[in-house]
Amino acid sequence: MEKNYEPHNFESQIYQNWLNKKYFRATINKNKKPFTIIMPPPNVTSKLHMGHAFQQTIQDIIIRRKRMQGYEALWLPGTDHAAIATESMVCKKLEKQGLTKEMLGREAFLKEVNAWYDEYKGTIIDQFKTMGYSCDWDRLAFTMDEQNNKAGRWVFVHLYKKGWIYKGKRIVNWCPHCKSSISDAEVEFKEVPSHFWHLRYQIEGTNDYLELATTRPETLLGDSAVAVNPNDERYKDLVGKNVILPLVNRPIPIVADDYVEMDFGTGVVKITPAHDPNDFEVGLRHNLEVIKILNDDATLNDKCGKYAGMTREQAREEIVKDLEKAGNLVKIEDYSHNVGHCERCKTIIEPLISSQWFVKMSEIKKPAIKVVEEDKVHFVDEQYKKTYLHWMYNLNDWCISRQLWNGHRIPIFTCQDCGEVICEMEDPTICPKCGSKHLAQEQDTLDTWFSSALWPLSTLGFPDKKEDLAYFYPTDVLVTAREIINLWVARMIFSGLEYYGDIPFRDVVINGIVKDAQGKKMSKTLGNGTDPRDVIKNYGVDILRYSLFNGISINMDSKFSEKKVELSRNFLNKVWNASKYVLMQLEGKEVKTIDKVKLNLADKWIISQVNDLIESVDRKFDKYDIGMAESELGDFFWSKFCDWYIELSKTDMSGENSEATIATLNYVLTSLLKLLHPFIPFITEKIYLELPMHEESIVISKWPEKVRNFEVEEKEMEEIMEIINAIRNARNEKNVPDNKKISIEILPLNNNKLFEISANYIKKLCIASDVKIIEKEESSTNAISLIFNDCKVFLPLESLVDSKEEKGRIEKEIEKTKFEINRSQKMLGNPGFVAKAPKNLIDAENEKLKRNTELLAKLEKELASF
RNA sequence: GGAAGUUUAGCUCAGCUGGGAGAGCAUCCGCCUUACAAGCGGAGGGUCAUAGGUUCGAGCCCUAUAACUUCCACCA
């Protein structure tokens with residue numbers, strides 16, 4: 001093995017070998033249980049960022065352990081076509097050439113889009129491979145590939161025939177500049193200073209007025225009601241009456257609706273169903289007329305009389321003037337509020353009514369609610385179960401049509417001659433009703449989430465390949481982000497249930513966000529992000545992977561910093577060096593398994609510790625607490641294995657029973673490498689293959705299992721460790737530098753054999769020239785004495801010993817012990833505690849009391865000798 | 001506006017069904033001890049956000065408050 005840890009020398013080489021050996025390939029294997037993860041597909045044109053590195057590595061860690069545990073482990077990768085983002089990028093590119101998509105036409109435009117995909121496709125996949133991800137690359141999927149198209153078509157036809165797809169009206173975000181509807185995600189809300197215009201409408205048949213406030217007086221022309229809260233005492237009597245809409249002199253009703261907040265404004269709202277999403281909803285509930293008053297470019301249309309042709313800004317000005325003249329304007333207040341802007345052109349968007357396609361949700365959502373309520377689909381973080389259910393209970397019909405060209409075109413054809421609507425698996429060429437060949441397909445495409453919702457099904461071959469589906473589906477765990485619980489997770493659940501009759505996954509893990517060192521979200525515009533590609537370049541993949549998880553909970557947001565990368569580098573370097581040491585010890589020796597040798601005390605201790613570790617790490621893994629599992633492994637490796645065991649083993653290595661130590665070193669290192677492998681796959685493989693006993697690759701090696709514990713020896717070793725700590729402490733207190741050896745005398749009071757066995761451990765770790773086991777106490781005037789329950793330790797430090805100081809030290813020990821005794825006595829004297837506390841706690845407390853009482857006696861006797 | 005999360009050492013975070021406040025980094029002291037100075041040994045450092053409550057016992061459970069973060073909605 002090379003002297004220094006140089007990850008770049010072997011990481012990519014090792015990965016290539018894994019690919020060649022097809023370790024990540026998963027096929028139906030009746031002798032194994034499957035374990036499946038479907039990757040949430042990253043945008044096909046994206047580049048690796050910290051969010052990917054974090055989320056995908058979580059999955060790699062999970063799947064690698066399962067593979068080692070003997071499951072047929074499938075991690076199925078894929079990419080997303082990201083319709084909106086791509087369409088907007090391609091449009092921008094065209095714009096630079098002075099073109100628009102309309103100038104190209106649909107077909108040519110889609111060619112451009114595909115060229116764009118081809119150009120960027122693969123970058124993100126290559127970067128995932130660099131990260132060491134153990135995906136079955138043969139199954140790489142794309143949300144626009146054939147299987148997905150087919151699944152989408154199947155589902156659409158299925159829903160259509162069931163009568164669950166329909167065309168309806170809805171308010172969309174309309175950009176008057178782009179002359180297109182845009183999705184909610186493309187709307188930027190910005191705080192804009194404006195006014196609150198207080199208006200008064202005359203109540204029909206009276207001289208009374210109703211006062212209301214609005215930020216958009218120009219939409220008054222499209223008003224079809226005013227609304228108040230049904231519980232509002234001020235207006236209760238007016239509900240059902242009419243007011244006269246000023247300027248147009250049209251009577252409109254006063255309706256009662258919960259949407260209105262009593263203590264906002266005057267508690268009265270004008271309702272414009274055609275130009276406000278909330279008003280539209282109110283309109284539906286009260287069956288109100290929908291009056292569209294705007295053209296596509298946001299000028300007022302011909303229904304607006306003298307205002308027709310004005311822009312919305314001009315109209316606002318004119319209408320306010322006219323209202324003032326007519327005596328309907330009460331006052332103008334300053335008011336600033338959020339206004340939606342087009343992300344691309346920054347124009348203020350206009351909510352407009354238009355025709356859209358919908359999926360009826362009332363039936364399809366029912367089983368999806370049930371499986372989560374019953375935890376058949378289990379959100380590992382309970383809080384998200386609430387998020388999900390809250391959304392599902394209030395779920396309205398799903399608008400699936402988008403006015404984009406990129407994406408899955410809605411497979412509905414209308415006969416231009418007889419009006420017959422056709423929706424089948426194959427594109428029709430003639431009308432089945434009238435035989436006409438004049439068929440027109442819908443222009444709109446489907447919401448990206450429509451196909452994403454089928455991801456676990458389509459990637460496994462739905463609706464065709466029933467075998468893979470039967471074996472790998474339902475998948476085991478979904479790892480995804482908080483903000484798409486409703487958009488994606490929910491839709492996969494009802495889709496799986498409706499189209500295949502089973503849940504798509506059993507566990508849902510929602511991962512946190514990786515933020516910068518200050519706790520700010522990493523963003524391109526802020527430029528505060530760390531690029532994982534830079535970390536890989538400078539430190540290697542394992543170090544990046546390790547740094548992402550050390551000491552964090554994956555469900556919470558974490559902070560990433562260069563500092564953490566350095567700490568990780570230090571750890572991996574430690575792993576390298578410790579392994580190098582172990583390999584040196586094993587070289588040229590016959591290495592036996594630990595059940596074939598007579599183990600030393602330290603060997604038994606570390607073996608017990610490793611077995612506890614395996615249990616604990618497994619427990620954490622099973623709770624998806626992988627950040628904590630990593631930290632525990634790191635701590636164990638560094639402190640228990642390196643600082644304690646390797647140091648202790650050095651004394652046994654030079655003894656006659658070194659074969660046990662060799663066996664133990666081999667066993668412990670092998671186990672630790674395997675446990676660490678899911679986190680840091682490359683370095684562990686590199687070292688593993690150097691070990692004398694190894695399988696073909698650590699990737700397919702067997703995950704460690706608990707073998708045996710040595711309870712007695714574990715306790716004994718820990719007692720010795722406690723003594724070692726106390727001696728080291730005394731050395732430092734007396735300022736004895738580490739380059740000066742001391743001599744140590746031990747007077748056993750109990751278990752004499754233990755001290756004979758351990759003398760060399762103490763000698764080595766306390767930097768002693770010799771450790772003498774004595775039978776009788778000698779004069780202690782020139783020695784420091786340390787009192788334990790089972791022994792006394794003397795450090796004859798001659799001139800450094802000050803009998804006054806020694807007396808003080810013993811007195812301090814006595815104080816401490818008395819305090820402990822007092823504490824125990826108080827607790828045990830408390831009738832409430834004795835009556836209510838669990839028995840094991842009371843027993844433990846009694847035991848402590850006993851030991852401390854004995855210790856106190858010894859200490860007091862020691863003090864008396866001064 | 002609605003909901004959720006966080007608040008523990010100077011920093012980053014652990015702390016299991018309530019039962020003596022932990023780790024790493026940083027700081028200070030001492031060491032080139034034959035795997036590792038990117039290292040080894042040791043030490044100091046905390047009113048567990050605040051105020052109440054439940055309990056024999058609260059970092060943990062309940063109530064309120066504050067600050068920060070996130071998600072959803074976008075409100076006349």
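All figures in this text were calculated on a predicted structure; none of them were measured in a lab. Just so we're on the same page: letters track the sequence lines, and every chain starts at 1.
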If you look at every strand shown and take non-hydrogen atoms under 4.0 Å, does A:V736 touch a base, only sugar-phosphate, or nothing? nothing
Please tell me which of the listed nucleotides, B:A14, B:A35, B:U33, lies nearest to the side chain of A:I646? B:A35
Can you find a side-chain donor-acceptor pair between A:Y388 and A:Q383 that sits under 3.5 Å? no
Distance-only donor-acceptor test, A:K574 side-chain atoms vs B:C36 base atoms, 3.5 Å: yes
Does OP1 or OP2 of B:C40 have a side-chain N or O of A:W638 closer than 4.0 Å? yes
Expressed in angstrom and rounded to an integer, what is the separation of A:K564 atom NZ from B:A38 atom C1'? 19 Å
Do the charged groups of A:R482 and A:D557 touch, with an N to O distance under 4.0 Å? yes
Scan A:P838 against the nucleic acid and name what it touches under 4.0 Å (heavy atoms): base, sugar-phosphate only, or nothing. base
Hey, mind stepping through A:N555 and A:Y624 against side chain to side chain donor-acceptor pair (under 3.5 Å) and telling me if it holds? CA-CA 9 Å; A:N555 57 334; A:Y624 299 100; over 6 Å; no
Looking only at side-chain N and O atoms, does A:N729 come under 4.0 Å of OP1 or OP2 in B:A43? yes
What's the closest nucleotide to the A:A578 side chain, out of B:C56, B:A76, B:A35? B:A35
So what does A:T387 hit on the nucleic acid, given a heavy-atom distance under 4.0 Å: a base, only sugar-phosphate, or nothing? nothing
Between B:U69 (C1') and A:I513 (CD1): distance, integer Å: 9 Å
A:S631 side-chain N/O to B:G24 phosphate OP1/OP2 under 4.0 Å: no
Apply the test side chain to side chain donor-acceptor pair (under 3.5 Å) to residues A:N852 and A:E820: give CA-CA distance (whole Å), side-chain angles for both, the deciding distance (0.1 Å), then the verdict. CA-CA 7 Å; A:N852 280 322; A:E820 291 299 316; 4.8 Å; no
Would you write out the dot-bracket form of RNA chain B, 5' to 3', with Watson-Crick and G-U pairs under 3.5 Å, [ ] for crossing pairs, | for pairs to other strands and . for unpaired bases? (((((((..((((.....[..)))).(((((.......))))).....(((((..]....))))))))))))....
Just checking A:L567: base, sugar-phosphate only, or nothing, at a heavy-atom cut-off of under 4.0 Å? sugar-phosphate
Apply side chain to side chain donor-acceptor pair (under 3.5 Å) to A:H195 and A:E333, showing your working. CA-CA 5 Å; A:H195 304 287; A:E333 275 179 333; over 6 Å; no
Indicate, with a heavy-atom threshold strictly under 4.0 Å, whether A:R482 touches base, sugar-phosphate, or nothing. sugar-phosphate
Expressed in angstrom and rounded to an integer, what is the separation of A:R569 atom CZ from B:G39 atom C1'? 12 Å
With side chains defined as the heavy atoms from C-beta onward, is the minimum distance between A:E211 and A:V268 less than 4.5 Å? no
Within less than 4.0 Å of OP1 or OP2 of B:C13, is there a side-chain N or O belonging to A:N550? no
Rounded interatomic separation in angstrom, taking CD from A:E382 and C1' from B:G5: 15 Å
Select base, sugar-phosphate, or nothing to describe what A:F560 touches, counting heavy atoms under 4.0 Å on all strands. nothing
Between B:C25, B:A4, B:A35, which one does the side chain of A:N577 approach most closely? B:A35
May I ask you to decide whether A:E218 forms a salt bridge with A:R216, counting only side-chain N to carboxylate O separations under 4.0 Å? yes
Does the base of B:A35 carry an N or O that pairs as donor and acceptor with the side chain of A:E647 under 3.5 Å? yes
Whole-Å distance, A:E847 CD to B:G20 P, equals 17 Å
Phosphate oxygens OP1/OP2 of B:G39: is one of them under 4.0 Å from a side-chain N or O of A:N570? yes
So, does A:K521 get its side chain near the phosphate of B:C71, meaning an N or O under 4.0 Å from OP1 or OP2? yes
Any Lys/Arg nitrogen of A:K620 or A:E632 sitting under 4.0 Å from an Asp/Glu carboxylate oxygen of the other? yes
Does A:Y581 have A:K650 sitting over its ring (NZ/CZ under 6.0 Å from centre, angle to axis within 45°)? yes
Ignoring the backbone of A:K836, work out which of B:G42, B:C56, B:A76 is nearest its side chain. B:C56
As a test of reading the structure: which of B:G20, B:C74, B:U69 is closest to the side chain of A:D557, going by heavy atoms? B:U69
Check: A:K763 and A:T651 side chains under 4.5 Å, non-hydrogen atoms: no
Is the phosphate of B:U33, meaning OP1 or OP2, less than 4.0 Å from a side-chain N or O of A:K740? no
Base B:G30 paired with A:N732 side chain (donor-acceptor, <3.5 Å): no
What nucleotide among B:G20, B:C13, B:A35 has an atom nearest to a side-chain atom of A:M628? B:C13
Using a 4.0 Å heavy-atom cut-off, does A:R619 contact any base of the nucleic acid, only the sugar-phosphate backbone, or nothing at all? nothing
Look at the side chain of A:R728 and decide which nucleotide, out of B:U69, B:G42, B:A14, has an atom nearest to it. B:G42
Within the pair A:H337 and B:A76, is there a side-chain N or O less than 4.0 Å away from OP1 or OP2? yes
Per atom distances to the A:P737 side chain, the nearest of B:C75, B:C40, B:C31 is B:C31
Atom-pair distance (CZ on A:R823; P on B:G19), nearest Å: 13 Å
Can you identify which nucleotide, out of B:A14, B:C31, B:C56, has its nearest atom closest to the A:N739 side chain? B:C31
Give A:K650 one of three labels, base, sugar-phosphate or nothing, depending on what nucleic acid heavy atoms sit under 4.0 Å from its own. base
Is A:R823 salt-bridged to A:E845, cutoff N-O under 4.0 Å? yes
What's the closest nucleotide to the side chain of A:K515 if the choices are B:A76, B:U70, B:G20? B:U70
Interatomic distance, A:L395 CG vs B:A73 P [rounded to whole Å]: 12 Å
Quick one: is B:C36 close enough that its OP1 or OP2 comes under 4.0 Å of any side-chain N or O from A:Y5? no
Spacing of A:E261 atom CD relative to B:G2 atom C1', expressed in whole Å: 11 Å
NA contact type, A:N735, heavy-atom cut-off 4.0 Å: base, sugar-phosphate, or nothing? nothing
